[in-house]
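Have a look at the structure below, then the notes.
Both ligands and their constituent atoms are indexed starting at 1 by order of listing.
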Amino acid sequence: MSRIIVVSNRTPGKGPAAGGLAVALRKTLAEREGFWFGWSGRLVDAPSPEARFEDIDGLSVAQIDLTREDHHAYYAGFSNSILWPSFHLRLDLATIEAHWYEGYRRVNTQFARALLPLLKPDDIIWVHDYHLIPLASELRNLGARNRIGFYLHIPFPTVDALYAIPHHQELMRDLSRYDLVGMQANRDVVAFTEFAEHQAPSTLAGSPLKSVDFGRTEVAAFPIGSDPDAFARLATSPAAIKMIRRMERALNDQQLILGVDRLDYSKGLPQRVEAYEKLLLNDSRFRRTVHLLQVAPPSRDTIKEYQQTSDELDAICGRVMGRFAEPDWQPLTYVKRAYGQPSLAGLYRLARVGLVTPLRDGMNLVAHEYIGAQDPADPGVLILSRFAGAAEIFEDAILVNPFDTDETAEALRMALDMDLEERQRRWQTLMTAARKHNVEDWAISFLDRLAPASTAGTGTRDILYLASVA
Ligand code: F6P
């Protein structure tokens, strides 16, 4: 059986980013053989061209170092100041510096040069996320003929947002050099299809670009999931129970509304707190009887727009406190730090409401984890943004438009007033959906589709737009 080579910017054990993915792919890698390839987390003056192998909790991981300058242009620059805001439809928050693209490509070339000597001809390569869109092109330019798949963890942009990205035509051509491109949601496949069918002419006079031919590339939605039963077990583990007891003492019968998000402008945190403010304003029953806990670990904090989001959140939380707090009651707690999975599982289980309201999100695994952690006898209610990929799966959540804070405030009221029978009915449907879209099946279905035995993507000149892997 072919080996599986997983490639991502972060590697397992080097930070929270690859954590969930690592759990999902650990089993697959153990069964199929292979290794994980990515950035070591180290910045050096002169990186070795060769990757170093390391055993991380039984997983074989090959890593390379980067220069500080390249890493800045590739990660903070092109990936997170251009691609991230554009793909999340926040062009107002994009900063475009032309030289970042060269750094982005240089790092992708460096990845390809270090990976190529490690490959066997029948290895299957699975590349993850927007940092590495050009990797298949770079590998193929060096002669790799392997099957290569790409999975986009964030939403695919609308065509206008895509056209605002410098070198978007080259990036799309890079995507066309993969055999399989996986997206989170059907809406992403639809947006991709729109680009593929109506490619705009180049905006640079005198350099007309040919349209991109996606004839070899299959594009389909593979909604990622979690392991909801593992989360259910975690939520009754000693560490989770310790957190539950600690919070119960602090809450003293107040109902907990919980948000857990990286501190990122795509997560809609100011709008969320504003909706909570409206709940307290509209309905005095909830003053003293509810408490909002927002966990928001800082993220990408060298980037100006992330610092501004943090300041904005400080200001709005301060405003709500000033408006509603009393000497013996505080309406909210805002924690800017990360917690381990067991503590989070405890918080999810205790929360009467899981408030997951990103302005736009690839999938949002907090929604999956919140569902997994609930007590079947007394489950909480999920309020979910209709602009998260998860909304295509969890129709029995209370779906809201996160930009409409009146609607979110009303959803909060509904959730807090919801009777046990309806909470149980909704949760059962949600848990069934979370189990159906579990992360292990996600990895298997993507790899099955990418495997050479698969007929998809070979020999046809048509683009295959597949609605869903369900
Ligand atoms: O959602 C996209 C993503 O890259 C995730 O894979 C990751 O968990 C998150 O963003 C954090 O990213 P970073 O590596 O920039 O901290």
Side-chain angles (χ1 to χ4, degrees), residues 6-25 36-43 61 63 66 71-90 93-94 100 103-104 107-108 111 126-133 135 150-157 182-185 188 222-226 260-269 295-307 309-310 336-341 344 356 358-369 385 387-390 439 442-443 446:
V6 174
V7 190
S8 62
N9 171 51
R10 290 188 196 260
T11 52
K14 298 288 170 191
L21 202 59
V23 173
L25 294 177
W36 201 306
F37 184 95
W39 174 47
S40 62
R42 274 207 284 265
L43 301 175
V61 182
Q63 299 176 96
L66 297 175
H71 180 259
H72 178 74
Y74 146 84
Y75 176 78
F78 198 78
S79 295
N80 285 314
S81 295
I82 298 180
L83 294 180
W84 180 274
S86 310
F87 279 42
H88 286 85
L89 307 187
R90 292 303 304 267
L93 299 181
W100 284 340
Y104 178 74
V107 169
N108 273 271
F111 265 58
W126 189 3
V127 180
H128 290 265
D129 236 352
Y130 57 103
H131 317 86
L132 298 172
I133 292 171
L135 191 62
F150 178 79
Y151 190 80
L152 183 67
H153 289 255
I154 65 175
F156 193 80
M183 310 256 181
Q184 293 276 21
D188 303 314
F222 295 85
I224 198 171
S226 67
V260 177
D261 308 79
R262 277 185 311 104
L263 218 175
D264 190 300
Y265 49 78
S266 65
K267 303 295 182 185
L269 299 177
V295 177
S299 175
R300 305 172 190 165
D301 50 9
T302 59
I303 300 173
K304 182 176 88 268
E305 286 71 20
Y306 284 78
Q307 293 157 5
T309 305
S310 177
K336 274 190 193 173
R337 52 165 287 199
Y339 286 85
Q341 295 281 64
L344 281 182
V356 183
L359 304 180
R360 192 164 160 83
D361 214 334
M363 169 53 62
N364 197 297
L365 289 176
V366 169
H368 286 253
E369 292 169 358
S385 162
F387 304 123
V439 71
W442 166 80
F446 186 92

Polar-atom distance check: [X] versus ligand 1, any N or O pair below 3.5 Å?
X: Asn80; result: no
X: His131; result: no
X: Arg10; result: yes

Decide if the gap between the ring center of [X] and the ring center of [Y] is smaller than 6.0 angstrom.
X: Trp39; Y: His71; value: yes
X: Tyr306; Y: Tyr265; value: yes
X: Phe37; Y: Phe111; value: yes

Original post:
Should you measure from each heavy atom of Tyr75, which atoms of ligand 1 turn up under 4.0 Å away?
Top reply: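 Heavy-atom distances to Tyr75 below 4.0 Å select 13 (P), 14 (O), 15 (O), 16 (O).
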Original post:
Any idea which atoms of ligand 1 are less than 4.0 Å away from a heavy-atom of Asp129?
Top reply: 2 (C), 3 (C), 4 (O), 6 (O)
**OP:** For atom 1 (O) of ligand 1, state which one of Asn364, Ile224, Ile303, Ile154 supplies the nearest heavy atom.
**Re:** Ile154
Subject >> Option of least heavy-atom distance to atom 12 (O) of ligand 1 (set: Met363, Arg300, His153, Gln184) >> reply: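 When every heavy atom of Met363, Arg300, His153, Gln184 is considered, Arg300 comes closest to atom 12 (O) of ligand 1.
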Original post:
Going by heavy atoms, is Trp84 under 4.0 Å from ligand 1?
Top reply: yes
Original post:
Is it true that His128 lies under 4.0 Å from ligand 1, counting heavy atoms only?
Top reply: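 The answer is no: ligand 1 sits nowhere under 4.0 Å from a heavy atom of His128.
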**OP:** Please check if any side-chain donor atom of Asn108 sits under 3.5 Å from a side-chain acceptor atom of Tyr74, or the reverse.
**Re:** no
Original post:
Between the side chains of Gln63 and Thr11, is a donor N or O closer than 3.5 angstrom to an acceptor N or O?
Top reply: yes
**OP:** Start with the C-alpha gap between Ile154 and Tyr130, add the side-chain angles, then the distance that decides, and say whether side chain to side chain contact (heavy atoms under 4.5 Å, CB included) holds.
**Re:** CA-CA 8 Å; Ile154 65 175; Tyr130 57 103; 3.6 Å; yes
Subject >> Side chain, backbone, both or neither: Tyr151 near ligand 1, heavy atoms under 4.0 Å >> reply: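 None of Tyr151 does.
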Subject >> Pi-cation contact, Trp36 with Arg10 (under 6.0 Å, within 45°) >> reply: no
